[in-house]
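Worksheet: the structure to be examined is printed underneath.
Sequence positions, counted from 1, serve as the residue numbers for this chain. What you see below is based on every heavy atom in this structure, not just the backbone, and it leaves out hydrogens, waters and symmetry mates. For ligands, and for the atoms within them, numbers begin at 1 and follow the listed sequence.
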Amino acid sequence: MDSSNLKCLISREEIESTVKRLAADIRKDYHDKNPLAVGVLKGSFVFLADLVRTLDFHHEVEFVRLSSYGSGTTSTGQITMIHDLHVSIEGRHVLVVEDIVDTGNSIAFLINYLSEKQPASLKLCALMDKPSRRQVEVQIDYRGFIVPNVFLVGYGLDYDEKYRNLPDICTLQEVGEEE
Ligand code: PRP
């Protein structure tokens, strides 16, 4: 894999300690609630896997998948559900787990969608927040990092389905782009 255009922005060590901090905050609120963690595919799969292995209390895991950006680097703003939940969330304590909130369109759509299903509570944990790109207001209850307006790959995030496997979060410079 050619990594010449990659620059580490957030190291695996920083990610690890932030995941532990988030898990400790989540533990305080959910340790006796058997919450349902809902991962948003595909980007959140690495973060969710690390997060749940740091939670030392009973919880369940489900996934949804929303429409993708496609092969480019900008959002279309048109969100649809590709893979829905297959369990009822009525009366459940639901914690949505996202890798990144960018424009906020994806998560606003999902929070609105899930809130109509009468969960007992509904909160959001996002590893990264890119507030400079926000188009709709989103409440992030557990936030890992605030990140600048640069295109990020690694730790679940892709460019054209590549780089999700990188253990660090990196910026990707297009070929020919100046430093
Ligand atoms: C990314 C990311 C979030 C969303 C954030 O997913 O994982 O779900 O975009 O962007 P927004 O705040 O502007 O809506 P993407 O659509 O790229 O799909 P993927 O998770 O399958 O990579």
Point to revise | Check: D102 N/O within less than 3.5 Å of ligand 1 N/O | key: yes

Review point. Which is closest to atom 12 (O) of ligand 1 in terms of heavy atoms, G39, S106, G104?
Key: G104

Check your understanding: Atoms of ligand 1 less than 4.0 Å from T103 heavy atoms?
Key -> 11 (P), 12 (O), 13 (O), 14 (O)

Check your understanding: Near S67, which atoms of ligand 1 are under 4.0 Å from a heavy atom of that residue?
Key -> 16 (O)

Practice item. Assess S44 for proximity to ligand 1: is some non-hydrogen atom of it under 4.0 Å away? Key: no

Check your understanding: Does H31 NE2 have over 12 foreign heavy atoms under 6.0 Å away?
Key -> yes

Practice item. Over 60° means perpendicular and under 30° means parallel, so classify the ring planes of F151 and Y159, tilted if in between. Key: perpendicular

Review point. Numbering the atoms of ligand 1 from 1, which are under 4.0 Å from a heavy atom of G43?
Key: 19 (P), 20 (O)

Exercise for review: Apply the side chain to side chain contact (heavy atoms under 4.5 Å, CB included) test between D102 and each candidate in R133, R134, M128, Q135; give the one that qualifies.
Suggested key: R133

Review point. Salt bridge check: are R12 and E16 linked by an N-O gap of less than 4.0 Å?
Key: no

**Study point:** For atom 7 (O) of ligand 1, the option (of L110, D129, I79, D99) bearing the nearest heavy atom
**Key:** D99

Check your understanding: Is there a donor-acceptor pair closer than 3.5 Å between any side-chain N or O of R27 and the backbone N or O of A23?
Key -> no

Review point. Touching ligand 1 at all, L41? Heavy atoms, strictly under 4.0 Å?
Key: yes

Review point. Quick one: which ligand 1 atoms are inside 4.0 Å of a heavy atom on I100?
Key: 2 (C), 3 (C), 5 (C)

**Study point:** N/O separation below 3.5 Å, V40 to ligand 1
**Key:** no

Check your understanding: Non-hydrogen atoms of K130 versus ligand 1: any pair closer than 4.0 Å?
Key -> no

Review point. At what distance, to the nearest 0.5 angstrom, does CD1 of I111 lie from CD of Q139?
Key: 9.0 Å

Review point. Do you know which of V94, D84, L36, I89 makes side chain to side chain contact (heavy atoms under 4.5 Å, CB included) with E62?
Key: L36

Review point. Got Y113 and V64 here, is their nearest side-chain heavy-atom distance under 4.5 Å?
Key: no

